[in-house]
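Encoded as structure tokens, the structure appears first; notes follow it.
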Amino acid sequence: MKSYRKELWFNTSLRREFINITPEVNKCLIDSGITEGFVLVNAMHITASVFINDDESGLHQDYENWLEKLAPEKPHSQYHHNTFEDNADAHMKRQIMGREVVVAITDGQLDFGPWEQIFYGEFDGKRRKRVLVKIIGE
Ligand code: ZN
């Protein structure tokens, strides 16, 4: 069995952002030389997500609106966590959108369903944060 590990770094200009990281994950897969197995992609921070969905800007705006209804950023004073921080909403948004994804690797390809793409979801950005890519297989 082979294994491969890489960290992808991000520093978004906005507090909240969705980034399609499928090309980077695909590059990791090629570098790994693994053709059958699994790839795990997870956010290494508790205010960011990795998730799979459609790369469609209207949908991403819908996510932003939906998440703001569920866990509005402001007023910061509405959250107990914000006595020493201002990112309680980001923790909750991450919880909803998830920590990680696992994708099967078949014949050297990410074995996606129709329209599936991998996204990094940033909810408390403007600083350097990491995503772990771990691939195991042969
Ligand atoms: Zn916090």
With no hydrogens and no angle check, is any side-chain donor or acceptor of [X] less than 3.5 Å from a backbone partner on [Y]?
X	Y	value
Glu36	Asp107	yes
Ser3	Ile136	no
Ser49	Phe51	no
Glu68	Glu73	yes
Gln61	Ser57	no
Asn82	His76	yes

query = Are Leu8 and Val39 grouped together when hydrophobic residues (ILVMFWY) are joined by side-chain heavy atoms under 4.5 angstrom apart?
reply =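 Yes, Leu8 connects to Val39 through the hydrophobic network.
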[atom1]/[X]: more than 12 non-hydrogen atoms of other groups inside 6.0 Å:
X	atom1	result
Trp115	CH2	no
Glu138	CD	no
Phe112	CZ	yes
Glu116	CD	yes

Can you name the closest pair of heavy atoms from [X] and [Y] and give their distance?
X	Y	value
Phe38	Ala104	CD2-CA, 4.0 Å
Ile46	Arg94	CA-NH1, 2.8 Å
Val50	Ala43	CG2-N, 3.5 Å

query = Pick one: which of Arg127, His45, Arg16, Lys129 meets side-chain hydrogen bond (donor to acceptor under 3.5 Å, both in side chains) with Glu122?
reply =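 Single pass found, and it is Lys129.
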ask   = Less than 6.0 Å separating the ring centroids of Phe119 and His60?
value =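 That pair passes the under 6.0 Å test.
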ask   = Among Leu29, Thr22, Ile21, which one satisfies side-chain contact (heavy atoms from CB on, under 4.5 Å) with Val25?
value =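 Exactly one candidate clears the test, Ile21.
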message = Assess, by modelled atom type and distance only, whether the side chains of His81 and Asn87 contain a donor and an acceptor separated by less than 3.5 Å.
response =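 Yes, because at least one side-chain N or O of His81 sits under 3.5 Å from a partner of the opposite role on Asn87.
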query = Taking atom types as modelled and ignoring hydrogens, do the side chains of Gln117 and Asn20 form a donor-acceptor contact shorter than 3.5 angstrom?
reply =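 Per modelled atom types, Gln117 and Asn20 side chains form a pair under 3.5 Å.
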